[in-house]
Asks: 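Here it is, the structure, as structure tokens.
No hydrogens, no waters, no symmetry mates; every other heavy atom, side chains included, goes into these values.
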Number of protein chains: 2
Amino acid sequence: MVLIALKNRLKILRAERDWSQAELAGRLDVSRQAVNAIETGKHDPSLPLAFRIARLFDMRIEDIFDDGEHA
Amino acid sequence: MVLIALKNRLKILRAERDWSQAELAGRLDVSRQAVNAIETGKHDPSLPLAFRIARLFDMRIEDIFDDGEHA
DNA sequence: ACATTAAGTCAGGTTATCTTGACATAGTCA
DNA sequence: TGACTATGTCAAGATAACCTGACTTAATGT
């Protein structure tokens, strides 16, 4: 049972601010590897981390991560 | 390190529809115990499950779960 | 050439989020 | 009374989401 992670715009949002993965990790209070794993689709963030990410970029969770948003 | 789960309105949304935990679990494709654990604050849903919950109730994740929403 | 930074990865470990199965309690109802 | 439903809980186990530390590769700059 191999499920893939939700698509996300983290890498783009980070690039827009010219932050390294390490800097973003620091702002989110997680490890650099955690940020990398999320960006590269290895896994999804926990819900609390998703909230911190949304707060940091002042966006809604649904606008950063997406499920497929079928209509 | 004991962290508490996010507050959530699952129980209320479910009551408004007069669904049992078992029925909600079926609609979300998780176990009844998983629904119970989320409602009783034992843990947070994964992000993919949070998306399914939000879709089911046609609401935003932020309007069902909350972090404290300081201002 | 050498040092530094960024990104990606791996190993090994911990904790959180699930699973199934079982059980107790309370409420409803024939 | 006895059957049924809903809720809450526990145990034991699987997998996902984190951690630290180490290492490689590519790009940049001195």
Side-chain angles (χ1 to χ4, degrees), chain A residues 1-70, chain B residues 1-70:
Chain A
M1 198 59 176
V2 180
L3 295 185
I4 54 175
L6 304 178
K7 205 178 169 326
N8 72 77
R9 312 189 204 291
L10 248 199
K11 188 171 190 165
I12 293 169
L13 292 168
R14 186 172 59 80
E16 285 172 353
R17 285 153 186 82
D18 198 29
W19 291 342
S20 66
Q21 291 182 347
E23 179 158 356
L24 174 56
R27 291 174 186 265
L28 293 172
D29 197 30
V30 291
S31 68
R32 179 182 66 85
Q33 290 87 339
V35 167
N36 184 271
I38 293 167
E39 282 193 3
T40 57
K42 287 184 179 55
H43 54 68
D44 294 310
S46 65
L47 188 56
L49 177 53
F51 266 93
R52 296 206 298 279
I53 293 170
R55 285 259 174 77
L56 180 60
F57 293 112
D58 196 28
M59 295 175 73
R60 288 179 296 155
I61 290 174
E62 285 89 346
D63 291 333
I64 300 177
F65 300 93
D66 85 88
D67 231 353
E69 64 195 63
H70 22 200
Chain B
M1 197 58 176
V2 180
L3 293 185
I4 54 175
L6 305 178
K7 206 177 167 330
N8 73 76
R9 313 190 204 290
L10 247 200
K11 189 170 190 166
I12 293 168
L13 292 169
R14 185 172 61 79
E16 286 172 353
R17 285 152 186 81
D18 198 27
W19 291 341
S20 66
Q21 291 182 348
E23 179 158 356
L24 174 56
R27 291 174 186 266
L28 293 171
D29 196 32
V30 291
S31 67
R32 179 182 68 86
Q33 290 86 342
V35 167
N36 184 271
I38 293 166
E39 282 193 2
T40 56
K42 286 185 180 53
H43 54 69
D44 294 310
S46 65
L47 187 56
L49 177 53
F51 265 94
R52 297 205 298 279
I53 294 170
R55 285 260 174 78
L56 179 60
F57 293 111
D58 195 29
M59 294 175 73
R60 289 178 296 156
I61 290 175
E62 286 89 345
D63 290 334
I64 300 177
F65 300 93
D66 82 88
D67 230 354
E69 63 195 61
H70 24 203

Asks: Is there side-chain contact between B:F57 and B:L10, with at least one heavy-atom pair below 4.5 Å?
Replies: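 SC-SC contact between B:F57 and B:L10 confirmed.
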
Asks: Can you tell me how far the NZ atom of B:K42 sits from the CG atom of B:N36, to the nearest 0.5 Å?
Replies: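 Here the interatomic distance stands at 6.0 Å.
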
Asks: With a 4.5 Å cut-off on side-chain heavy atoms, are B:L13 and B:L24 touching?
Replies: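 No - every pair of side-chain heavy atoms lies 4.5 Å or more apart.
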
Asks: So, OP1 or OP2 of C:dT9: does either fall under 4.0 Å of a side-chain N or O from A:K42?
Replies: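 Checking C:dT9 against A:K42, a side-chain N or O does come within under 4.0 Å of OP1 or OP2.
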
Asks: Taking only Lys NZ, Arg NE, NH1 and NH2, and the carboxylate oxygens of Asp or Glu, determine whether B:R17 and B:E23 approach each other closer than 4.0 Å.
Replies: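 No, B:R17 and B:E23 are not salt-bridged.
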
Asks: Between A:D44 (CG) and D:dA17 (C1'), how many Å, whole number?
Replies: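 So the CG-C1' distance, A:D44 to D:dA17, works out to 10 Å.
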
Asks: Check the distance between C:dA6's P and A:L10's CG and give it to me in whole angstrom.
Replies: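 From A:L10 CG to C:dA6 P: 17 Å.
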
Asks: Output yes when at least one side-chain N/O atom of A:T40 is less than 4.0 Å from OP1 or OP2 of C:dA7, else no.
Replies: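 No.
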
Asks: Between protein and nucleotides 25-30 of chain D, map the contacts as a letter string: B base, S sugar-phosphate only, - none, heavy atoms under 4.0 Å, written 5' to 3'.
Replies: ------

Asks: Picking from D:dC18, D:dT20, C:dT19, which would you name as closest to the side chain of A:A34?
Replies: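 Of all the options, the side chain of A:A34 is nearest to D:dC18.
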
Asks: Could you tell me how far apart A:I53 (CD1) and D:dA17 (P) are, to the nearest whole angstrom?
Replies: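 About 12 Å, once rounded to whole Å.
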
Asks: Return the nearest nucleotide to the side chain of A:N36; candidates are D:dA17, C:dA7, D:dT9.
Replies: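 Output: C:dA7.
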
Asks: Rounded to whole Å, please give me the gap between NE2 in A:H43 and C1' in C:dT9.
Replies: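 Spelled out: NE2 on A:H43 to C1' on C:dT9 is 12 Å.
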
Asks: I'd like to know if B:R32 reaches the base of D:dG8 with its side chain, counting only an N/O donor and acceptor under 3.5 Å.
Replies: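 Present.
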
Asks: Taking only side-chain nitrogens and oxygens of B:K11, does any of them come within less than 4.0 Å of OP1 or OP2 of D:dA6?
Replies: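 Checking B:K11 against D:dA6: no side-chain N or O falls below 4.0 Å of OP1 or OP2.
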
Asks: When Watson-Crick pairs (N1 to N3 and N6-O4 or O6-N4) and G-U wobble pairs (N1-O2 and O6-N3) count only below 3.5 Å on both distances, what is the dot-bracket string of DNA chain D, with | for other-strand pairs?
Replies: ||||||||||||||||||||||||||||||

Asks: Reading DNA chain D from 5' onward, which residue's closest nucleotide shows up sooner: B:L47 or B:S20?
Replies: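 Result: B:S20.
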
Asks: If I take atom CG in residue B:D18 and atom P in nucleotide D:dT5, what distance separates them, rounded to the nearest angstrom?
Replies: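 My rounded result for the distance is 15 Å.
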
Asks: Taking only side-chain nitrogens and oxygens of B:S46, does any of them come within less than 4.0 Å of OP1 or OP2 of C:dA16?
Replies: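 Result: no.
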
Asks: Measure the NZ-OG1 distance between B:K11 and B:T40 for me, rounded to the nearest 0.5 Å.
Replies: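 Those atoms lie 8.5 Å apart.
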
Asks: Please determine whether any donor N or O and acceptor N or O are separated by less than 3.5 Å between the side chain of A:E39 and the base of C:dG8.
Replies: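 Under the 3.5 Å cut-off, the side chain and the base do not form any donor-acceptor pair.
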
Asks: Rounded to whole Å, please give me the gap between CD in A:E23 and P in C:dA7.
Replies: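 Computing the A:E23:CD to C:dA7:P distance gives 10 Å.
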
Asks: Just N and O in the side chain of B:R14: are any of them under 4.0 Å from OP1 or OP2 of D:dT7?
Replies: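 For D:dT7, OP1 or OP2 has a side-chain N or O of B:R14 closer than 4.0 Å.
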
Asks: Any side-chain heavy-atom pair from A:R9 and A:D66 closer than 4.5 angstrom?
Replies: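 Heavy-atom side-chain distance check passes, below 4.5 Å.
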
Asks: OP1 or OP2 of D:dG8 less than 4.0 angstrom from a side-chain nitrogen or oxygen of B:Q21, does that happen here?
Replies: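 It does, given that an N or O in the side chain of B:Q21 lies less than 4.0 Å from OP1 or OP2 of D:dG8.
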
Asks: In whole angstrom, give the distance that lies between atom CD of B:Q33 and atom P of C:dC18.
Replies: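 The distance from CD of B:Q33 to P of C:dC18 comes to 13 Å, rounded to the nearest Å.
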
Asks: Just checking A:S31: base, sugar-phosphate only, or nothing, at a heavy-atom cut-off of under 4.0 Å?
Replies: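 If one applies the 4.0 Å heavy-atom cut-off, A:S31 turns out to touch a base.
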
Asks: Whole Å only: how far is the CZ atom of B:F51 from the C1' atom of D:dA16?
Replies: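 Those two atoms, CZ and C1', are 17 Å apart.
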
Asks: Can you check whether B:R27 reaches B:R52 side chain to side chain, under 4.5 Å on heavy atoms?
Replies: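 Counting from C-beta outward, B:R27 and B:R52 never come under 4.5 Å.
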
Asks: Any side-chain heavy atom of A:R14 sitting closer than 4.5 Å to one from A:E39?
Replies: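 When only atoms from C-beta onward are counted, A:E39 and A:R14 do touch, with a gap below 4.5 Å.
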
Asks: Find the distance between CD1 (B:I38) and CD1 (B:I64) and round it off to the nearest 0.5 Å.
Replies: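 The CD1 atom of B:I38 sits 11.0 Å away from the CD1 atom of B:I64.
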
Asks: Can you find a heavy atom in the side chain of B:I61 that is under 4.5 Å from one in the side chain of A:F65?
Replies: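 No, too far: nothing below the 4.5 Å cut-off.
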
